[in-house]
Amino acid sequence: MSPEHYFSPCVSSLPSSLASSHFSLSFSPFFLLHAMSSSSSLKHHQNYSLNGFTTPTKKTKLSFISDSEIQSEFSHHDQTIARINNGSFGSCPQSVISAQQNFQLQFLRQPDHFYFNTLKPSILHSRSIIKSLVNAQSVDEISLVDNATTAAAIVLQNCAWGFNEGRFNKGDVAVMLHYAYGAVKKSVHAYVTRAGGEVIEVNLPFPIASKEEIVSEFRKALARGKENGKKKVRLAVIDHVTSMPSVTIPVKELVKICREEGVDQVFVDAAHGIGCVDVDVRDIGADFYTSNLHKWFFCPPSVAFLYCRKRGEEDKGGDLHHPVVSHEYGNGLAVESAWIGTRDYSAQLVVPSVLEFLNRFEGGIEGIKKRNHEKVVEMGEMLVKAWGTNLGSPPEMCGSMIMVGLPACLGISNDPDTLKLRSHLREHFQVEVPIYFRAPVDGEVDPITGYARISHQVYNKVEDYYRFRDAVNQLVSDGFTCASLSN
């Protein structure tokens, strides 16, 4: 008798939000057992969606997480630090850490049982939740990997094979943003340039005034890539939210332009995507989309998903492979990625616990995202008003991070200055914030050359930003310049 026969009564006992067509999964016995045991999660359950939730029934009275409970969830943070840099490493609540430790102990207690009976169904459960959250068509389109850089390697490896196998011509092009994350930029060159391709960067201004500036420069780069029809753009790598400087990119519009211009494939690097901005992979329309789950989705480090759009019903990502070849090679990218040898997979298994944590907040992940955006804009505007500077982009072009101009008198003149100033703020003022150097344009008078990237997450308090404000004011008052800091 099939497992579905034994578990079919459980489906009817689940909340309608789980049994609805919106949650279009083939339920595994593991999922049903987990769902039945998670009564608190089911009591407050909402449909998985980054772009909207079903309304709870009027009979259900929701009790949302309190400020003291939030503080307790993040009590392991160093309380002496104004941590306004969630964007670099993310954050993980204590309840999710506990779930992770439970999985780690299960493996250490009886690894064979864990491997044969827990690992694969648990990863499938996590993939299924992400599939619904980002509106993928099939769970086969979702793979879990270490981080967005690993996902980039998978896509770029496939691109390099296109050159090596003669499917692409020498000199064909990959296009990426000048703002692209440093590791991804190096990966593009490592895979594409060495295979015989050419890399073209989209030069973007900063500060930026509107998305039209990005669209215009992107079109110019594609035109250079095609070079009167002699070359073909094989891959476009587009950030959803750039890292430094941080700007939300109009990815849907750029993907549409790629389709119009005949670009072979589009890869969206959204390291800061899920939990920071709206993510609907079918609406965005890219071939590949990756996002870290440890940045803004509260997973422990490190885990990311890679979405690979199916090209047909039989497509299981067979032309894509994990760079680490192990026993599952040839069984589809998602299965390959689920086992790359003995290692700690626990970060990939706690997605259900993260969902429970998110649903303790009013509006779930949508409510968190909205409040983070509103607060980071408010704090950014407070800081530029205090310092007489400007934001790096309009508020609508940021998610949960925003670039804030620093006073020109601090004398930030190169990248090493940003690292020295960042260390100085950490060591002397207990403020953790990354700083970006913007090279001045010829003819500028008293240009703002330093921008701080501030983040807002649920654990942040307004006092964190006041401390940053007061620290910079103190430096200005003291006549401090970066030149005074030793190497």
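All values below come from the heavy atoms of this structure, side chains included, with hydrogens, waters and symmetry mates left out.
Looking only at distances, a side-chain donor or acceptor of Glu444 sits under 3.5 Å from a matching main-chain atom of Val441. A donor-acceptor distance shorter than 3.5 angstrom exists from the side chain of Ser423 to the backbone of Leu419, with no hydrogens or angles considered. Remark: the backbone N or O of Ala183 is paired with a side-chain donor or acceptor of Ser187 at under 3.5 angstrom. Looking at His76, its side chain does come within 3.5 Å of a backbone N or O of Cys92 through a donor-acceptor pair. Listed for the Ser75 side chain is a donor-acceptor partner under 3.5 Å among the backbone atoms of Ser72. With Asn292 contributing its side chain and Lys295 its backbone, the two residues share no donor-acceptor pair below 3.5 Å. With hydrogens and angles disregarded, no donor-acceptor distance shorter than 3.5 Å links the side chain of Ser353 to the backbone of Val96. Listed for the His294 side chain is no donor-acceptor partner under 3.5 Å among the backbone atoms of Ser302. Arg469 contributes no side-chain N or O that, together with a main-chain N or O of Val384, makes up a donor-acceptor pair within less than 3.5 Å.
Residue-environment remark: OH (Tyr181) stays at or below the threshold of 12 foreign heavy atoms within 6.0 Å. The 12-atom threshold is not exceeded at CG of Asp67, counting heavy atoms of other residues, nucleotides or ligands nearer than 6.0 Å. Enclosure of atom CG in Asp478 by more than 12 non-hydrogen atoms of other residues, nucleotides or ligands within 6.0 angstrom is indicated.
Put simply, the side chain of Asn86 reaches to within 4.5 Å of the side chain of Trp296, judged on heavy atoms. Looking at Thr290 and Tyr307, their side chains never come closer than 4.5 Å, going by heavy atoms from C-beta outward. Ile402 places none of its side-chain heavy atoms less than 4.5 Å from the side chain of Arg453. Considering only heavy atoms from C-beta on, Arg127 comes within 4.5 Å of Ile123 through its side chain. The shortest distance between side-chain heavy atoms of His240 and Val277 falls below 4.5 Å. Within the 4.5 Å cutoff, the side chain of Pro352 has heavy atoms near those of the Ile129 side chain. For the pair Asp417/Phe437, no side-chain contact is recorded, criterion being any heavy-atom separation below 4.5 Å from C-beta on. Between Leu293 and Ile274, some side-chain heavy-atom pair lies under the 4.5 Å cut-off.
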Could you check Lys211 against Glu396 for salt bridge (charged side-chain N to carboxylate O under 4.0 Å, His left out), going step by step and ending with a plain yes or no?
CA-CA 10 Å; Lys211 67 179 183 180; Glu396 64 271 17; over 6 Å; no

Before you tell me yes or no, could you show the steps for Tyr436 and Phe206 under ring pair (Phe, Tyr, Trp, His ring centres under 6.0 Å), namely the whole-Å CA-CA distance, both residues' side-chain angles and the distance that decides it to 0.1 Å?
CA-CA 11 Å; Tyr436 173 75; Phe206 184 80; 5.6 Å; yes

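Just one of Leu144, Val145, Leu306, Ile142 meets the side-chain contact (heavy atoms from CB on, under 4.5 Å) condition when paired with Ser337; it is Val145. Applying salt bridge (charged side-chain N to carboxylate O under 4.0 Å, His left out) to Glu198 and the options Lys231, Arg224, Lys170 leaves one that passes, Lys231.
Ion pairing of Glu374 with Arg371 is absent here, as no side-chain N (NZ or NE/NH1/NH2) approaches a carboxylate O to less than 4.0 Å. Salt bridge annotation for Glu381-Lys385: absent, with no cationic side-chain nitrogen under 4.0 angstrom from a carboxylate oxygen. Ion pairing between Lys375 and Glu378 holds under the 4.0 Å rule for side-chain N and carboxylate O. Ionic pairing of Glu432 and Arg422 is present here: one or more N-O contacts between side-chain nitrogen and carboxylate oxygen are shorter than 4.0 angstrom. Of the charged side-chain nitrogens involved, at least one lies within less than 4.0 Å of a carboxylate oxygen, so that Asp264 and Arg234 count as a salt-bridged pair. Salt bridge present: Glu260 and Lys256 bring a charged side-chain N and a carboxylate O closer than 4.0 Å. Salt bridge status for Arg282 with Glu141: absent, with no side-chain N to carboxylate O gap under 4.0 Å. Salt-bridge check for Asp464 with Arg83: failed, with every basic side-chain N at 4.0 Å or more from each acidic carboxylate O. Salt bridge status for Asp287 with Lys310: absent, with no side-chain N to carboxylate O gap under 4.0 Å. By the 4.0 Å N-to-carboxylate-O rule, Asp280 lies too far from Lys252 to be salt-bridged with it.
Looking only at atom types and distance, the side chain of Ser88 has a donor-acceptor partner in the side chain of Asn85 under 3.5 Å away. In this model, no donor atom of one side chain and acceptor atom of the other lie less than 3.5 Å apart for Asp269 and Tyr289. Checked by atom type, the side-chain pair Trp387/Asn473 shows a donor-acceptor distance below 3.5 Å. Residues Glu69 and Ser66 bring a donor and an acceptor atom of their side chains to less than 3.5 Å of each other. Donor-acceptor pairing under 3.5 Å is recorded for the side chains of Asn390 and Tyr451. For the residue pair Glu336 / His321, a side-chain donor-acceptor distance below 3.5 Å is found, with atom types taken as modelled. Judged purely by distance below 3.5 Å, without hydrogens or angles, the side chains of Thr150 and Asp146 never pair a donor atom with an acceptor atom. For the residue pair Glu73/Ser95, the side-chain donor-acceptor check at 3.5 Å is satisfied. Remark: the Ser346 side chain and the Gln100 side chain contain an N/O donor-acceptor pair separated by less than 3.5 Å.
A cation-pi arrangement, defined by a distance under 6.0 Å to the six-membered ring centre and an angle within 45 degrees of its axis, is absent between Arg194 and Tyr191. Within the cation-pi definition used here (under 6.0 Å to the ring centroid, within 45° of the axis), Arg360 does not qualify as a partner of Phe357.
Taking the six-membered ring where the residue is Trp, Phe480 and His424 present parallel rings, their angle staying beneath 30° rather than reaching 60°. Using the six-membered ring where Trp is involved, His77 and Phe74 have ring planes that are tilted, between 30° and 60° apart.
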